[in-house]
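Note sheet for the following structure.
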Amino acid sequence: MKISYLGHASLSIETRDKTLLIDPFISENELANKININKLQADYILITHAHQDHILDVEVIAKRTGAKIISNFEIVAHFEAKGIDGHPMNHGGKWKFDFGTVHYTNAVHSSSFPDGSYGGQPGGFVIETSHHRLYIAGDTALTYDMKLIPDVIGELDLAILPMGDNFTMGIDEAIKASTFLNCNKILGYHFDTFDYIKINHKEAFTKFANAKKELFLLPIGENIKL
Ligand code: NI
Ligand code: MN
């Protein structure tokens, strides 16, 4: 499994034979100007919640690639009304797709569309393929529910956590989340894009190292392989 960081909370995940795009917000992210949304592949687009910084490029990419959307019921209905195919889920549910199983997990956040309309409840995803199990938290506070993930779903190979603070948890809470998740390998996201969420990378690495946890903060366009 190859996980590429596309800036902010946007990721591309290549499984054995499918490409999943997560929360594409690229065309208005100056930090991600070397990523060309017209060249991104996608068989599926997973959306954690309806905020603009998570859905901006969904429509353009889905219409070009024919990708199917996986998200909560309200977000899928929103995009189905635009002629885009989707698979609706809700918290606590799982579904077996052709690339693996997706679990839609809780997040403590909000989820309105840019026009203020209701975007369902925000969530995150656990993606299980035959070889790997990956948690993508979405925008969320630290929550005790994270303890349920390794208990109920299974041991994680990697957890992707927001780290920019202000709108989500910050570095210290992400370290606690790593403990709750029983996963010491963490990829940070949702940081540096806006002034409110700028973080000190050196401090983040030091704090994770002191907690004996492994932190990855990828340059935009770079990837890690599981
Ligand atoms: Ni948000
Ligand atoms: Mn966000």
Side-chain angles (χ1 to χ4, degrees), residues 3-13 20-33 35 37 40 42 45-62 69-79 86 88-91 102-127 134-143 145-146 159-174 177 186-201 204 215-218 220:
I3 299 148
S4 303
Y5 183 52
L6 305 179
H8 196 51
S10 309
L11 303 157
S12 168
I13 298 174
L20 320 181
L21 212 55
I22 317 295
D23 285 358
F25 170 79
I26 296 158
S27 60
E28 284 182 18
N29 180 5
E30 283 173 26
L31 302 178
N33 57 17
I35 308 288
I37 63 163
L40 290 175
I45 302 175
L46 282 68
I47 306 170
T48 60
H49 65 294
H51 288 159
Q52 179 77 329
D53 61 315
H54 297 258
I55 65 161
L56 177 73
D57 297 317
V58 168
E59 186 173 348
V60 167
I61 296 170
I69 285 170
I70 302 172
S71 190
N72 70 29
F73 183 87
E74 290 81 3
I75 290 172
V76 166
H78 170 91
F79 285 106
M89 298 185 74
N90 218 325
H91 294 146
V102 173
H103 304 249
Y104 192 60
T105 59
N106 297 352
V108 176
H109 194 67
S110 57
S111 178
S112 47
F113 283 100
D115 68 359
S117 62
Y118 180 58
Q121 295 294 309
F125 300 101
V126 173
I127 299 168
L134 166 73
Y135 173 50
I136 301 168
D139 285 10
T140 183
L142 174 65
T143 157
D145 286 349
M146 288 171 178
I160 302 176
L161 303 175
M163 233 162 256
D165 220 323
N166 191 71
F167 297 119
T168 67
M169 59 180 154
I171 294 159
D172 295 325
E173 293 80 16
I186 303 296
L187 172 63
Y189 78 165
H190 211 275
F191 61 88
D192 285 359
T193 322
F194 317 112
D195 284 344
Y196 286 130
I197 62 172
K198 290 213 158 75
I199 64 167
N200 181 329
H201 293 213
L215 173 67
F216 297 87
L217 298 177
L218 293 175
I220 294 170

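What you see is a predicted model, and the numbers here were worked out from it, not measured in a lab. Both counts, for ligands and for their atoms, begin at 1 and track the order of listing.
- In summary, no N, O or S atom of Asp23 is located under 2.8 Å from the Mn ion (ligand 2).
- Remark: side-chain polar atoms of Thr168 are not paired, donor with acceptor, to backbone N or O of Asp139 under 3.5 angstrom.
- Note on His8: not counted as a metal contact of the Mn ion (ligand 2), no N/O/S atom lying under 2.8 Å.
- With a cut-off of 2.8 Å, the Mn ion (ligand 2) has no N, O or S atom of His51 in range.
- In this structure, His49 and His109 have perpendicular ring planes: the angle between them is above 60°, well past the 30° mark.
- Looking only at N/O/S atoms, Asp139 comes nearest to the Ni ion (ligand 1) through OD2.
- Of all the N, O or S atoms in Asp139, the one closest to the Mn ion (ligand 2) is OD2.
- Between His49 atom NE2 and His109 atom NE2, the angle centred on the Ni ion (ligand 1) amounts to 100° (nearest 10°).
- Looking at His8 and Asp23, their side chains never bring a donor and an acceptor atom within 3.5 Å of each other.
- A side-chain donor from one of Ser110 and His51 sits under 3.5 Å from a side-chain acceptor of the other.
- For the pair NE2 of His190 and NE2 of His54, the angle at the Mn ion (ligand 2) is about 110°; rounding is to 10 degrees.
- In this structure, the side chains of Pro122 and Thr140 stay at 4.5 Å or more apart for every pair of heavy atoms.
- When you scan the N, O or S atoms of His51 for the one nearest the Ni ion (ligand 1), you land on ND1.
- Here the N, O or S atom of Asp53 that is nearest to the Mn ion (ligand 2) is OD2.
- Across Ile45, Leu46, Ile47, Ile70, a single residue satisfies side-chain contact (heavy atoms from CB on, under 4.5 Å) together with Ile22, and that is Leu46.
- Here CD1 of Ile220 is found 5.0 Å from CG of Leu31. Values are rounded to the nearest 0.5 Å.
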